[in-house]
There are 2 protein chains.
Amino acid sequence: MISLSPSEENYLKVIFRLTQNEALPIGTNDIANAIHTKPASVSDMIRKLAVKGILDYKKYHGVHLTEKGRKTALQVLRRGRLWEVFLVEKLHFQWDQVHEVAGQLEHVRSPLLFRRLDEYLGFPKFDPHGDPIPDESGEWQEKPKSKLQDMKIAERGKIVTVSDSSAAFLRYLDKVGVYIGAKVEILDKVEFDGSLEIRVDESRKLFVSKEVSSNILVQLFDVK
Amino acid sequence: MISLSPSEENYLKVIFRLTQNEALPIGTNDIANAIHTKPASVSDMIRKLAVKGILDYKKYHGVHLTEKGRKTALQVLRRGRLWEVFLVEKLHFQWDQVHEVAGQLEHVRSPLLFRRLDEYLGFPKFDPHGDPIPDESGEWQEKPKSKLQDMKIAERGKIVTVSDSSAAFLRYLDKVGVYIGAKVEILDKVEFDGSLEIRVDESRKLFVSKEVSSNILVQLFDVK
DNA sequence: ACATTTTTTTAGTCAAATCTAATATTTTTT
DNA sequence: AAAAAATATTAGATTTGACTAAAAAAATGT
């Protein structure tokens with residue numbers, strides 16, 4: 001196994017995340033932005049990671065992780081997400097308090113520690129945000145998606161996709177402030193027309209029609 | 001609260017330990033030795049810590065922690081020892097496996113984390129090696145000491161002091177390889193003369209007379 | 001008391017990771 | 001297609017923590 005510094009691990013994690021979400025080529029500005037550093041520093045680090053065989057890099061043409069880079073990134077994610085589960089389930093952190101601490105803990109190096117922690121937590125497959133936890137060989141389960149329309153009252157989840165991507169629909173979502181990644185909670189279901197009252201991002205309340213809620217796909221959060 | 005780098009924290013911890021044990025002035029060589037670095041690096045770091053008000057330092061005259069330094073050191077110890085309890089009690093590490101991992105974990109910064117961890121572990125007063133865990137304000141309980149002579153068969157502990165410090169006695173202890181900090185386990189007690197068969201440091205077996213074992217003070221390890 | 005040994009400090013390098021300022025390349029606009 | 005804007009890279013500086021080699025101070029032995 002290759003050994004990276006905490007700083008290198010942070011770059012790797014961010015590059016992995018950015019290259020997953022967007023198929024677009026990702027640039028030094030994106031990375032610099034995500035990691036609170038300057039583009040010049042990113043250029044330096046990218047060259048270094050390329051030498052280590054973590055990613056392929058051609059000047060002015062963005063980066064793309066190698067298989068080795070992908071595997072390594074998954075292990076960093078694994079460590080961070082296991083800690084997140086620990087912090088929420090055992091130490092009763094709120095799920096928005098875990099990020100900073102997990103970000104420090106994830107750089108601790110000890111295979112035994114993570115094997116034991118995993119076991120202690122009952123081999124969780126998802127972290128408190130619903131993101132999958134890779135196993136030691138980098139495999140993970142996708143969390144099943146359900147229609148917003150099919151959720152029950154009081155259930156909560158995160159919006160992950162839409163099944164209708166017409167401009168009209170997307171424009172509507174934008175207007176009412178519903179976006180990929182937003183947290184939703186079902187407040188009420190109206191029998192008559194199948195419309196829903198939902199809460200978005202723990203704050204705004206909103207009514208959506210059955211047509212709309214049938215085209216929004218959500219990952220449910222674990223209940224407890 | 002003052003903020004130190006992991007490296008500074010390591011120096012601080014070692015200086016605290018060395019100045020506790022030995023009343024003698026401790027030198028750059030001692031520190032360099034304990035921390036696997038070179039005396040020259042110690043000189044540099046000492047000057048830096050003096051500037052931060054962690055210790056007093058006069059060229060060629062050793063160091064002595066300020067009150068601020070002592071308080072800060074106790075918090076580092078607290079963090080490391082809480083993790084040691086966690087690793088042994090929850091993740092079932094052997095107590096000789098915890099050191100390296102706890103040494104990484106202790107540099108994680110988050111007051112909330114340690115308050116919650118402390119609570120989760122049931123506010124332990126001692127770590128798995130029997131060392132006391134300071135509370136948030138730096139107070140700790142001394143572990144009671146008992147005579148080696150008074151231990152029962154199969155009990156284990158760590159030698160912490162001797163009540164006879166004559167040269168003859170110390171020379172004897174030296175000769176048979178018994179020293180402050182050594183782990184002992186009672187293997188057998190001889191009714192006839194009160195002598196003991198003990199195991200030192202998980203390896204060597206040794207017989208000691210009643211006179212000897214009455215002058216050796218031990219901290220018992222927790223049974224479980 | 002002075003020579004030797006040990007300990008401590010200084011001076012000068014080095015590597016990692018960052019930064020700023022300047023330059024180079026690509027993309028977008030007109 | 002040239003000018004302007006955005007993005008990426010290099011060059012050079014800085015900080016942190018370490019190192020080696022050499023000088024300085026203190027301790028020790030005879």
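All chains are named by letter (A, B, ...) in the order of the sequence lines, taking the proteins before the strands, and each is independently numbered beginning at 1.
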[N] [atom2] sits how many Å from [X] [atom1], rounded?
| X | N | atom1 | atom2 | result |
| --- | --- | --- | --- | --- |
| B:Met45 | C:dT8 | CE | P | 17 Å |
| B:Tyr60 | C:dT6 | OH | C1' | 12 Å |
| B:Leu4 | D:dT15 | CG | P | 19 Å |
| A:Glu8 | C:dA15 | CD | P | 16 Å |
| A:Ile31 | D:dA8 | CD1 | C1' | 11 Å |
| A:Asn10 | C:dT18 | CG | C1' | 14 Å |
| A:Ile26 | D:dA6 | CD1 | C1' | 17 Å |
| A:Asp44 | C:dA15 | CG | P | 15 Å |

Indicate, with a heavy-atom threshold strictly under 4.0 Å, whether [X] touches base, sugar-phosphate, or nothing.
| X | answer |
| --- | --- |
| A:Ser43 | base |
| B:Thr28 | sugar-phosphate |
| A:Ser41 | base |

Nearest of [options] to any side-chain atom of [X]?
| X | options | result |
| --- | --- | --- |
| A:Tyr11 | C:dA24, C:dT18, D:dT10 | C:dT18 |
| B:His61 | D:dA18, D:dT10, D:dA26 | D:dA26 |
| A:Arg47 | C:dT8, D:dT10, C:dT18 | D:dT10 |

Tell me whether the side-chain N/O atoms of [X] come closer than 4.0 Å to OP1 or OP2 in [N].
| X | N | answer |
| --- | --- | --- |
| A:Asn29 | D:dA6 | no |
| A:Ser5 | C:dA16 | no |
| A:Lys59 | C:dA24 | no |
| A:Tyr57 | D:dT9 | yes |

Find the distance between [atom1] ([X]) and [atom2] ([Y]) and round it off to the nearest 0.5 Å.
| X | Y | atom1 | atom2 | result |
| --- | --- | --- | --- | --- |
| B:Thr28 | B:Asp30 | OG1 | CG | 7.5 Å |
| B:Ser43 | B:Lys59 | OG | NZ | 10.0 Å |
| B:His99 | B:Phe93 | NE2 | CZ | 14.0 Å |

- prompt: Would you call B:Leu217 and B:Val162 a side-chain contact if the rule is heavy atoms closer than 4.5 Å?
  reply: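 No - every pair of side-chain heavy atoms lies 4.5 Å or more apart.
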
Contact check, side chains of A:Pro124 and A:Asp118, non-hydrogen atoms, under 4.5 Å: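 Heavy-atom side-chain distance check passes, below 4.5 Å.
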
message: Tell me whether the NZ or CZ atom of A:Lys143 lies within the 45° cone about the ring axis of A:Phe221 and under 6.0 Å from its centre.
response: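 Relative to the ring axis of A:Phe221, which defines the angle, A:Lys143 lies outside at least one limit.
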
query: Honestly, is B:Lys90 close enough over A:Phe86, meaning NZ or CZ under 6.0 Å from the six-membered ring centre and within 45° of the axis?
result: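 No, B:Lys90 does not sit over the ring of A:Phe86.
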
message: Checking base pairs now: Watson-Crick or wobble, both atom distances under 3.5 Å. What partners C:dA1?
response: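 The base-pairing partner of C:dA1, which may sit in any strand shown, is D:dT30.
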
Using atom types as modelled, flag every donor-acceptor pair under 3.5 Å from a side chain in residues 66-77 of chain B to any protein atom, sequence neighbours excluded.
| from | atom 1 | to | atom 2 | distance (Å) |
| --- | --- | --- | --- | --- |
| B:Thr66 | OG1 | B:Gly53 | O | 2.8 |
| B:Thr66 | OG1 | B:Ile54 | O | 3.0 |
| B:Thr66 | OG1 | B:Lys68 | N | 3.4 |
| B:Thr66 | OG1 | B:Gly69 | N | 3.0 |
| B:Glu67 | OE2 | B:Arg70 | NH1 | 3.1 |
| B:Lys68 | NZ | B:Lys52 | O | 3.2 |
| B:Thr72 | OG1 | B:Lys68 | O | 2.7 |
| B:Gln75 | NE2 | B:Asp135 | O | 3.4 |
| B:Gln75 | NE2 | B:Glu136 | O | 3.1 |

field: Any residue of residues 33-40 of chain A with a heavy atom less than 4.0 Å from an atom of DNA chain D
entry: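 Correct list: A:Pro39, A:Ala40.
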
